[in-house]
Amino acid sequence: MTPTPRITKAYFNAFYALMTTYRAEIFFWVIATTLPLIMMGIWVQAGASGAFEGFGSVDAARYFIGVFIFRQLTICWVIYEFEYDVVSGRLSSMLLHPVNPLWRYILLHAGEQFTRLPFSILFIGLSLFIFPEALWGSGEQPGTWLPQGWRVLLALACGYLAFLLRFFISYTISMLAFWIERVSALENLNYMPYLFLSGLVVPIQTLPPALQEVILWTPYPYILWFPAQLIAAPPEAMPAELIARGLLTIVGWITLFAILQQALWRRGLRHYSAMGA
Amino acid sequence: MEYRANFVLATISSLASMGGALFALWALLRTEYAMNGWSFNQALIVVGIYTMLDGLQQTLLAPNRQQISEFVRNGTLDFVLLKPIDSQFWLSARKVSVWGVPNLFLGLGLIVYAASFRLEPAVDAANYVRLLVPLAVSITIYYALGYLLSTLTIWFTKLANVTHAMHALLEAGRYPVAAYPGAYRAFFTFVLPVAFMTTVPADVLLGRGEFTWVLGGLVIAAALLVAARLFWRYALRFYTSASS
């Protein structure tokens, strides 16, 4: 069953309280996910050379701040949680709840995101302090960073869709925990295409056009590159048809993985024989 | 059997993270961007040294580092302290793990491959011998930084993410420091000495290492080693053991 607003609120409050007890750990975790800020350094320096058309150092700084924001929003560890729940048998007690554990995991992530928020803002502030040009523009690229309001709202909505996409990819893989013991090791296999295709280390728009076209069919660029571009790129770099295509692709992939996940979930439950069952 | 599967997965994840760096370098250098005079092959050597260093630390340092917090949490550090040998030495040289082996060989392979062609001057055997000094410096720095952080577990028993955070910041060493803007370069030279861990060894292998940088690395490594030692002695005074 899907939870009522009241249950959702209760879950969220409980998980937020749970996560705040780990706030020190979560702070260090934010430091552990600062790869976009390292890559920002590399690409700001590269952009300054003028070797990348339409991607100067100001664009690079804005782009990677965007990537950092949406990386914070799309961090997903459901596979480790689910693996533990299956192997330890904790899933059995969750199955007695009237709410599908899926919602529990999503809200667990929401609670953690909320705890992480102040730390993430701290790091966004830090990067703006290092590259104030991202806000005010530079000599070569004047103009303040002021994306249109609807683009910001759309980016935020896409950010949450991106989280759902990443979540459902991971959760689908997690379902294999019903059959194999150490499913979290498979997350490494998912990490490879994510690293290459999401725009985390290389902005997609700097790649050869043919390669871009291929990448845009995969789900990965919509996790980081697409929402980051919505707030970072000048409007003409993200025309309406590209936005529409992005939205369709992201919704398509989410639907596909959600269906696959549900199918595996049903089969897996039949196979599940935890402690005491 | 279980271990064999894990080994394959360890190799895959090593390949993935090394591949990420290679992909970035390819995307950067396929244009006319010069990256402050670092060619693709030269930058590959930095990636290779980073990967090898990562393998070394996974083999020699990480397994011991993880144990320290376990000893503190369980109170079994008492037994270690009672032994007639030095506690820091015993804790640092107790275990060796095989999970770093894929990284070690991947890194070495990449270095040898990249150093074999299109470099001016060519890399000869003597350069590899000279590489040993800055490489020893980088593993020493890694050890000392890791030990400094592990020592914190005496006060805060659960700090698993701290070493993750350190590891993530050291990832900056996949690229030569010259590829970063000024502020980053200063940070990675004077605050977190990443420059001495990968760029300086690569420069030495390429036959363009400067004596002052190698010496600077030696001084930093020695200073961090002393700092780790003193901090450990200091922290032990606060260790309250299991039953008291």
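- Annotation: cation-pi pair R166(A)/Y194(A) present, NZ/CZ under 6.0 Å from the ring centroid and within 45° of its normal.
- One N or O on the side chain of Y63(A) and one on the backbone of G199(A) form a donor-acceptor pair closer than 3.5 Å.
- When only modelled atom types and interatomic distance are considered, Y220(A) and N190(A) share a side-chain donor-acceptor pair under 3.5 Å.
- Contact annotation for L195(A): only side-chain heavy atoms (C-beta onward) come within less than 4.5 Å of a heavy atom of chain B.
- Contact of F27(A) with chain B is not made at all, since no heavy-atom distance falls under 4.5 Å.
- Ranked by non-hydrogen atom pairs under 4.5 Å with chain B, the options I42(A), L37(A), I38(A) are led by I42(A).
- When heavy atoms are compared at a cutoff of 4.5 Å, Y184(B) approaches chain A solely by way of its side chain, counted from C-beta outward.
- For L189(A), the part sitting under 4.5 Å from any heavy atom of chain B is the side chain, from C-beta outward, and nothing else.
- Using modelled atom types, one side-chain atom of Q212(A) and one backbone atom of L207(A) make a donor-acceptor pair closer than 3.5 Å.
- Looking at S14(B) and N103(B), their side chains do bring a donor and an acceptor atom within 3.5 Å of each other.
- Heavy atoms of A27(B) lying under 4.5 Å from chain A belong to its backbone as well as its side chain.
- Here the side chain of E133(A) pairs no donor or acceptor atom with the backbone of V58(A) at under 3.5 angstrom.
- If you measure heavy-atom distances from R174(B) to chain A, you find no contacts under 4.5 Å at all.
- In terms of heavy-atom pairs under 4.5 Å with chain A, the best-connected choice from A168(B), A24(B), A16(B), G182(B) is A16(B).
- Neither the backbone nor the side chain of P203(A) comes within less than 4.5 Å of any heavy atom of chain B.
- Defined by atom type and a distance below 3.5 Å, a donor-acceptor pair is present between the side-chain atoms of Q205(A) and W225(A).
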